[in-house]
Amino acid sequence: MAIRNGNERRGRHLSMGALWAQSRETAWDYLAQEAVRRAGKGPQLKGIIHELAIRERSNLTREGLLSGVRTNVTRSPIARTVDLVTTRDGRVIARIQAKDCISNACVRKVQGRVAAGQYRTASLVGTRETVDKFRSAGVTKNVRSSGVSSRSTTRAADNVGANVPNNKLLLNNVLDIAGCAGRAGATGVLLGAGSEAWGSFRELRTGKISGTKYAQRVVVTGVKVALDSTFRTTIALGTKEATKAVARTIGAQGLRRFAGSNPGTAVAFGFAEQTISTFQLLSGKIDGREYGTRTVQTAGSTGGAIGGAAAGAVVGSVIPIVGTVAGAVVGGIAGSLAGGGLGRGLGNLLFSD
């Protein structure tokens with residue numbers, strides 16, 4: 001995003017954290033879609049999504065990418081002992097039972113199965129909340145964290161219309177969105193400050209700015225990007241959640257499905273971008289020509305994100321090391337950047353002096 005008034009380089013930093021958040025949401029969208037194909041939209045869908053998330057995280061590690069270590073789900077989506085198998089050169093080196101289990105009834109059930117020796121041959125891997133629940137309940141078998149939150153798997157399952165057994169579903173989704181917005185801000189700090197540090201280093205080295213001015217630029221840009229990324233992500237994911245709620249209330253199933261889909265994600269982030277541009281126009285920070293240019297840019301970025309994610313998923317599905325989810329994420333980022341760049345160029349032509 002370019003800004004006519006102010007430092008253009010710093011202006012381009014602003015959407016970094018939001019782009020990360022959009023990429024993360026794209027991954028959850030595709031994981032949930034794959035989970036539906038695997039097991040339908042039953043009440044245990046969030047557990048299937050968790051299994052697929054473990055697979056993706058494992059396969060995108062250094063070992064997974066460079067050492068031939070691969071983790072895959074087992075054939076049955078209702079396996080009682082082993083959900084995932086890790087192999088190296090065709091030899092099984094680990095068996096995993098995934099747990100997304102936060103209700104007291106579920107914890108007691110697992111306790112009984114552990115006591116009966118059901119998981120002797122498998123490692124237990126749980127969501128962050130599951131690990132806390134098991135440890136508090138005194139589950140004797142060691143369980144390690146997948147790094148995934150049950151809030152995220154629950155919201156992803158709800159996004160695809162699963163019958164999620166959670167009487168505080170809206171609160172769960174709001175808290176997950178807040179967490180995602182916070183992580184977008186934290187990511188924005190790192191990316192924005194790092195980019196500013198690199199971009200301004202030449203001015204520091206040649207004496208055009210002092211060390212104090214250099215540090216000030218880095219800090220100020222990091223804070224600006226963090227706040228902007230948090231705000232955009234909150235608007236986008238809040239819009240997605242609000243649209244789902246309205247569609248559910250009025251019985252508009254088509255709108256409900258769209259709101260929870262990956263195209264719905266891209267449109268929601270485009271809406272956030274357009275909302276901010278509209279506010280800046282009304283407050284006098286940009287003029288009508290810049291607003292028109294940004295509108296075309298946002299349309300291009302949104303369309304590019306949708307098309308890029310779909311194309312990336314197809315390409316990734318035929319490349320074992322990449323996979324559908326990673327392909328969709330990479331394709332979505334590339335499509336968003338390319339579409340936004342083309343849209344910016346077209347907008348400049350349409351709204352030039």
Side-chain angles (χ1 to χ4, degrees), residues 21-57 73 77-78 83-84 96-110 124-137 143 145-184 233-234 236-249 253 256-262 264-265 268 325:
Q22 184 173 348
S23 302
R24 180 183 184 275
E25 190 73 3
T26 296
W28 285 116
D29 290 337
Y30 276 88
L31 283 172
Q33 292 169 19
E34 182 179 348
V36 170
R37 292 193 297 270
R38 177 169 166 79
K41 295 184 180 181
Q44 300 304 317
L45 185 66
K46 72 186 187 79
I48 306 299
I49 294 172
H50 181 225
E51 294 172 14
L52 297 176
I54 292 173
R55 181 198 66 190
E56 293 300 307
R57 287 182 171 227
V73 293
I78 55 173
D83 292 320
L84 302 105
I96 298 169
Q97 175 71 12
K99 290 297 178 185
D100 187 352
C101 181
I102 56 177
S103 70
N104 292 332
C106 182
V107 173
R108 286 194 297 270
K109 184 185 294 184
V110 173
L124 288 183
V125 178
T127 63
R128 295 198 299 266
E129 295 85 352
T130 298
V131 171
D132 291 340
K133 282 277 189 178
F134 282 11
R135 288 175 179 169
S136 297
V143 56
S145 175
S146 62
V148 174
S149 171
S150 291
R151 288 175 180 169
S152 297
T153 59
T154 297
R155 186 167 69 87
D158 181 54
N159 283 346
V160 291
N163 179 24
V164 181
N166 189 321
N167 58 7
K168 296 181 179 179
L169 182 60
L170 179 58
L171 176 61
N172 174 91
N173 292 354
V174 168
L175 290 174
D176 187 58
I177 288 170
C180 187
R183 287 188 291 273
T233 302
T234 301
L237 297 185
T239 298
K240 185 174 179 177
E241 191 63 30
T243 305
K244 282 164 46 186
V246 169
R248 189 182 290 119
T249 300
Q253 293 304 313
R256 170 73 179 79
R257 287 191 294 271
F258 176 79
S261 68
N262 184 247
T265 294
V325 177

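The structure places CG of Leu124 at 10.0 Å from CG of Asp83, a figure rounded to the nearest 0.5 Å.
In this structure Arg151 satisfies the salt bridge (charged side-chain N to carboxylate O under 4.0 Å, His left out) test with no other residue, sequence neighbours excluded. Residues passing the disulfide bond (SG atoms under 2.5 Å apart) test with Cys180: none are found, sequence neighbours excluded. With sequence neighbours left out, the side chain to side chain donor-acceptor pair (under 3.5 Å) criterion links Asp158 to Asn173, Lys244, Arg248, Arg256. Residues forming a side chain to side chain contact (heavy atoms under 4.5 Å, CB included) with Arg108 (at least two apart in sequence, or on another chain): Asn104, Ala105, Gln111. By the side chain to side chain contact (heavy atoms under 4.5 Å, CB included) test, Ala35 pairs with Leu45, Ile48, Ile49, Leu52, sequence neighbours left out. Every side chain to side chain contact (heavy atoms under 4.5 Å, CB included) that Leu170 has, sequence neighbours left out, goes to Val174, Glu241. Residues that satisfy the side chain to side chain donor-acceptor pair (under 3.5 Å) test with Asp176, not counting sequence neighbours, are Ser152, Arg155. Under the side chain to side chain donor-acceptor pair (under 3.5 Å) criterion, Thr130 pairs with Thr127, sequence neighbours left out. Partners of Glu34 according to the salt bridge (charged side-chain N to carboxylate O under 4.0 Å, His left out) rule, which considers only residues two or more places apart in sequence or in another chain, are Arg55.
More than 12 non-hydrogen atoms from other residues, nucleotides or ligands lie less than 6.0 angstrom from CG of Leu169.
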Between Asn262 and Tyr30, is a side chain to side chain contact (heavy atoms under 4.5 Å, CB included) present by the stated rule, with each step listed? CA-CA 7 Å; Asn262 184 247; Tyr30 276 88; 3.7 Å; yes
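Applying the side-chain hydrogen bond (donor to acceptor under 3.5 Å, both in side chains) test to every pair with at least one member in residues 39-52, sequence neighbours left out, gives these pairs: Lys46-Asp100, His50-Ser146. Among residue pairs with one or both ends in residues 124-134, none qualify as salt bridge (Lys or Arg N to Asp or Glu O under 4.0 Å); sequence neighbours excluded.
For the pair Val325/Leu31, a side-chain contact is recorded, criterion being any heavy-atom separation below 4.5 Å from C-beta on. Val110 places a side-chain heavy atom less than 4.5 Å from the side chain of Lys99.
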